[in-house]
Amino acid sequence: MHFTLCDMVADVAQNAFESRASFVRVTVIQSDTDFTFLIRDNGCGISAGVLACITDPFYTDGIKHPGRRTGLGIPFLVQTAEATGGSWSIQSVPGQGTEVSGIFPLSHIDTPPAGDVPGLFRILLMMPDMTGMECDVVVSRTVTDSRGIQRQYQFSRQQLQQKLGRFDTVDTLVLLKKYLESQEN
């Protein structure tokens, strides 16, 4: 099993859901040359002291995940971006939220494959149920092909649940999967 860029986005996005956010937006922009993501939340934010430490894989505050001795999501983002000639950014204001982004050149031999974006979005749209939080999630995607033709879509968790129902039955999850995959074509 190979780690994909979508796996990385899911791992980093989990931090947003765990920050007591009531709103999380995940944007994925992809072209023939680059894979870009942006995650914004209105959660508790990160202090300057913690922000200075979170790129260290052996740093953990011990609060969010008691007993865990490592935090690998952000360090893996940083390592992958730097190894591939990409870039990353983390901006946060305590009490207001956090923004994390990454840009990865798809032509670099060490860049992981993009992965399954509809699958990523399905996980993210279900995430508040997994964390027990009341949180709206917005996912958006822009794809530009080699001819310069651009396709875009955007959904909120609330919009989709109004159409499909709660994401708590197999039937609803199958419909969600099919719907998200249909947006890719």
Side-chain angles (χ1 to χ4, degrees), residues 1-30 33-117 119-142 157:
M1 183 167 127
H2 296 282
F3 198 77
T4 68
L5 292 171
C6 285
D7 296 330
M8 181 186 313
V9 173
D11 190 67
V12 173
Q14 184 175 350
N15 296 329
F17 291 104
E18 292 173 344
S19 73
R20 298 185 304 275
S22 62
F23 180 80
V24 175
R25 175 183 293 275
V26 178
T27 303
V28 173
I29 302 167
Q30 190 172 344
T33 59
D34 296 303
F35 180 98
T36 302
F37 77 87
L38 175 66
I39 301 167
R40 288 187 183 139
D41 70 64
N42 67 350
C44 61
I46 305 168
S47 71
V50 171
L51 200 55
C53 298
I54 63 173
T55 60
D56 178 350
F58 300 105
Y59 172 79
T60 181
D61 62 10
I63 297 169
K64 190 167 63 170
H65 299 285
R68 187 185 289 177
R69 300 193 196 293
T70 60
L72 296 177
I74 298 297
F76 188 65
L77 162 66
V78 171
Q79 177 187 12
T80 304
E82 290 177 354
T84 62
S87 63
W88 62 277
S89 172
I90 301 174
Q91 300 172 4
S92 190
V93 177
Q96 294 183 22
T98 302
E99 179 178 296
V100 179
S101 64
I103 302 173
F104 301 90
L106 293 173
S107 62
H108 196 284
I109 192 166
D110 291 327
T111 299
D116 177 13
V117 175
L120 164 68
F121 285 172
R122 192 170 67 251
I123 289 168
L124 297 176
L125 290 164
M126 292 168 34
M127 190 72 72
D129 285 343
M130 298 158 102
T131 61
M133 302 291 294
E134 288 295 322
C135 180
D136 194 22
V137 182
V138 173
V139 295
S140 63
R141 170 120 156 108
T142 302
R157 174 182 162 81

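On a predicted model such as this, the values are computed, not experimentally measured, just so you know.
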- Measure across R25 and S140 and return the closest heavy-atom pair with its distance rounded to 0.1 Å. NH1-OG, 4.5 Å
- Task: Please confirm whether the backbone N or O of W88 pairs with a side-chain atom of S101, one donor and one acceptor, at under 3.5 Å?
- Result: no
- Report yes or no: does T4 contribute a side-chain atom to a donor-acceptor pair with the main-chain N or O of G115 at less than 3.5 Å? no
- Item | Steps toward side chain to side chain contact (heavy atoms under 4.5 Å, CB included) verdict (D116, C6) | CA-CA 6 Å; D116 177 13; C6 285; 5.6 Å; no
- Just by distance, do the side chain of D110 and the backbone of T84 share a donor-acceptor pair under 3.5 Å? no
- Item | Student check: side-chain heavy atoms of F23 and R40 closer than 4.5 Å | no
- Note on the structure: Output for pair (F35 CZ, M8 CE), nearest 0.5 Å, gives 8.5 Å
- Task: Could you tell me whether the side chain of R141 reaches within less than 4.5 Å of the side chain of V117, counting heavy atoms only?
- Result: yes
- Is any side-chain heavy atom of F37 less than 4.5 Å from a side-chain heavy atom of V26? no
- Would you mind reporting whether V28 and F121 have side-chain heavy atoms less than 4.5 Å apart? yes
- P94 and S47 have their tightest heavy-atom pair at CG-CA, 3.8 Å
- Query: Say you draw a straight line from CG of L51 to CD1 of I74; how long is it, rounded to the nearest 0.5 Å?
  - Reply: 9.0 Å
- Using atom types as modelled and distance alone, determine if a side-chain donor or acceptor of T111 lies under 3.5 Å from a backbone N or O of P105. yes
- Task: Show your reasoning for whether side chain to side chain contact (heavy atoms under 4.5 Å, CB included) applies to T36 and T142.
- Result: CA-CA 10 Å; T36 302; T142 302; over 6 Å; no
- If we only count heavy atoms from C-beta on, is the S107 to T33 side-chain gap below 4.5 Å? no
- Which value, rounded to the nearest 0.5 Å, describes the distance between S92 atom OG and D41 atom CG? 7.5 Å
- Note on the structure: dist T80:OG1 -> L5:CG (nearest 0.5 Å) comes out at 7.5 Å
- Task: Provide the closest heavy-atom pair for A10 versus L124 in the form atom of the first, atom of the second, distance.
- Result: CA-CD2, 4.4 Å
- Task: Give, for atom OG1 of T98 and atom CD1 of I54, the distance between the pair rounded to the nearest 0.5 Å.
- Result: 8.0 Å
- R20 (side chain) donor-acceptor with G43 (main chain) under 3.5 angstrom: no
- Query: Quick one: CD1 on I90 to CD1 on I46, what's the gap to the nearest 0.5 Å?
  - Reply: 6.5 Å
- Check whether any side-chain heavy atom of V12 sits under 4.5 Å from a side-chain heavy atom of F76, and report yes or no. no
